[in-house]
Number of protein chains: 2
Amino acid sequence: MSGPSTHAFLKHIPLFSVCHEDELARLAERAIEQRYEKGQMLFQRGDPCQGMYVLVYGRIKIAIVARQGTEKVIEIIHPSQSFGEAVMFLEQPYPVMAQAVEDSLVLFIPAETLFTALDDDSRLARRMLAGLSMRLRTLLKDVETYTLESAVERVVGYLLNSLEGSDDNVVNLPVNKQTLASRLNLTPETFSRVLQKLSEQAGIVVEGREIRVPDRNKLSEMRNLA
Amino acid sequence: MSGPSTHAFLKHIPLFSVCHEDELARLAERAIEQRYEKGQMLFQRGDPCQGMYVLVYGRIKIAIVARQGTEKVIEIIHPSQSFGEAVMFLEQPYPVMAQAVEDSLVLFIPAETLFTALDDDSRLARRMLAGLSMRLRTLLKDVETYTLESAVERVVGYLLNSLEGSDDNVVNLPVNKQTLASRLNLTPETFSRVLQKLSEQAGIVVEGREIRVPDRNKLSEMRNLA
DNA sequence: CTCGATTCTTGACTCTGATCATTCAGCTCG
DNA sequence: CGAGCTGAATGATCAGAGTCAAGAATCGAG
């Protein structure tokens with residue numbers, strides 16, 4: 001992936017799709033490709049932030065690390081998603097860490113480059129505002145999930161959410177079960193037990209990272225009753 | 001509070017302090033004053049959003065409402081704080097509700113007015129981006145608190161945070177204990193018991209909504225040991 | 001000042017999900 | 001092939017915080 005393909009890639013990212021061609025060209029030119037191997041850190045809590053990222057391929061986990069080293073996954077980044085914008089605007093060190101959970105390629109867009117683009121184009125600014133608002137909305141939804149829902153409800157919610165849109169009935173877990181458990185704010189043990197329970201009572205079939213859901217309604221009903 | 005004083009008020013709000021005088025004038029002119037009595041709703045989950053708010057005086061609670069009516073306070077708004085911006089950019093219904101917990105006066109700024117201002121002034125846009133980023137940072141911190149800290153840690157964290165900056169040793173709770181408990185994701189009972197425990201073991205003194213903290217270090221240590 | 005209504009506290013009990021420990025299954029690699 | 005990982009499942013136990021129920025205290029309106 002070099003200059004021209006970077007341009008094409010950025011163009012289909014919602015955030016940048018509103019940009020004019022020449023602006024896009026400038027962004028593509030200044031964007032830096034970075035490769036990370038599975039397990040490598042992109043940045044750690046406390047590192048200074050110099051720009052934002054867009055994931056091209058692979059998978060990145062964003063996590064917070066508590067005092068005694070306990071780690072909690074906040075988000076799992078999929079290709080075409082951007083991350084790190086908010087920190088860039090705040091001009092403060094990262095409050096989270098990012099680690100590749102698979103071999104990954106990211107585009108790094110330097111803060112200066114983006115700031116210039118924002119000043120030049122109010123439509124980009126508007127998009128960016130909408131993007132951050134969306135992020136806020138999602139995080140709020142997470143708070144809601146963590147504080148108001150039980151373990152079973154969280155897992156059911158995740159599965160149904162993953163099925164949304166597609167009409168085949170298979171969820172492929174994007175990461176291993178430990179990581180996903182942390183994302184759902186569960187221990188691996190509890191996650192395992194919940195899947196067990198859902199197999200028995202909602203007819204789902206778990207095969208490694210592949211989960212088949214023959215009956216969404218049945219699964220959905222598990223949310224209501226205790 | 002009428003036109004001219006609205007102008008002066010907006011001017012000292014960080015978000016708008018970067019605006020040019022004439023822009024500020026336009027915002028002040030279009031801003032709508034709204035009074036709410038204690039207990040009144042500003043909006044409910046699902047209502048359409050037409051603009052953003054700035055609190056002039058009083059106190060507003062922002063909360064999510066779960067299916068069975070359970071309510072969880074997300075944030076307590078103090079004077080000069082703004083709220084509702086993110087929803088405005090998303091052009092989606094409110095995911096939360098807002099209710100006055102005291103008689104309050106807010107300024108409502110219509111979406112159109114703000115959008116125009118944003119298009120005209122990239123500095124305002126930048127401020128707004130920083131503001132939303134800050135909000136995101138705070139919400140992330142909340143997730144961290146909810147998922148990684150115990151009840152005692154959350155209360156201690158809240159108290160120490162409230163003391164930050166000031167050098168007298170009194171925290172005045174901004175709302176009643178039920179509401180604050182919900183904000184900290186606790187039941188009122190648990191909150192009460194934690195305060196009880198901190199009185200015995202960290203020497204804090206609770207008198208209604210006033211809490212005296214003679215020794216911050218002692219309080220801080222309660223976080224570490226189980 | 002007094003009555004009624006919130007709001008807060010306290011006690012007894014329960015339950016969800018965490019922890020700890022072990023076993024099992026699958027891979028990878030020498 | 002088998003030794004040694006890593007990830008996953010399962011069982012036994014525990015603890016933190018929630019629930020339910022009953023009082024105590026505080027507030028506010030008349």
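When reading the values below, keep in mind they use all heavy atoms of this one structure, side chains included, and skip hydrogens, waters and symmetry mates.
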Using the 3.5 Å cut-off, write out each protein N or O paired with an N or O of nucleotides 17-22 of chain D and the distance between them.
residue : atom : partner : partner atom : Å
dA17(D) : OP1  : A151(B) : N            : 2.7
dG18(D) : OP2  : T187(B) : N            : 3.4
dG18(D) : OP2  : T187(B) : OG1          : 3.2
dG18(D) : OP2  : T190(B) : OG1          : 2.7
dT19(D) : O4   : R193(B) : NH2          : 2.9
dC20(D) : N4   : E189(B) : OE2          : 3.2

Checklist entry - Can you tell me how far C1' of dA15(D) sits from CD of E153(B), to the nearest Å? => result 15 Å
Checklist entry - With distance as the sole criterion, is a donor-acceptor pair present between the side chains of T147(A) and E144(A) under 3.5 Å? => result no
Checklist entry - At under 4.0 Å, does any side-chain N or O of Q196(A) touch on OP1 or OP2 of dT10(D)? => result yes
Checklist outcome for this item: To the nearest angstrom, the CG-P distance between N176(B) and dT6(C) comes to 13 Å
Item to check | Separation of atom CG in L173(B) from atom C1' in dT26(D), rounded to whole Å | outcome: 15 Å
Next on the checklist: In this structure, how many angstroms lie between the P atom of dC15(C) and the NZ atom of K197(A), rounded?
Outcome noted: 13 Å
Checklist entry - Is there side-chain contact between H12(B) and S17(B), with at least one heavy-atom pair below 4.5 Å? => result no
Checklist entry - Are L114(B) and M88(B) close enough that some pair of their side-chain heavy atoms sits under 4.5 Å apart? => result yes
Next on the checklist: Whole angstroms only, please: what is the CG-P distance between D103(B) and dG28(D)?
Outcome noted: 12 Å
Next on the checklist: From CD of Q178(A) over to C1' of dA8(D), roughly how many Å is that when rounded to an integer?
Outcome noted: 8 Å
Checklist outcome for this item: NZ (K61(A)) and NZ (K72(A)) are apart, to the nearest 0.5 Å, by 11.0 Å
Item to check | For atom CD of E207(A) and atom C1' of dG26(C), their distance in whole Å | outcome: 15 Å
Next on the checklist: Tell me whether R183(B) is salt-bridged to D142(B), with the criterion being a basic N under 4.0 Å from an acidic carboxylate O.
Outcome noted: yes
Checklist entry - To the nearest angstrom, how far is K38(B) atom NZ from dG28(D) atom P? => result 7 Å
Checklist entry - Can you check whether F43(A) and F108(A) have ring centres sitting under 6.0 Å from each other? => result no
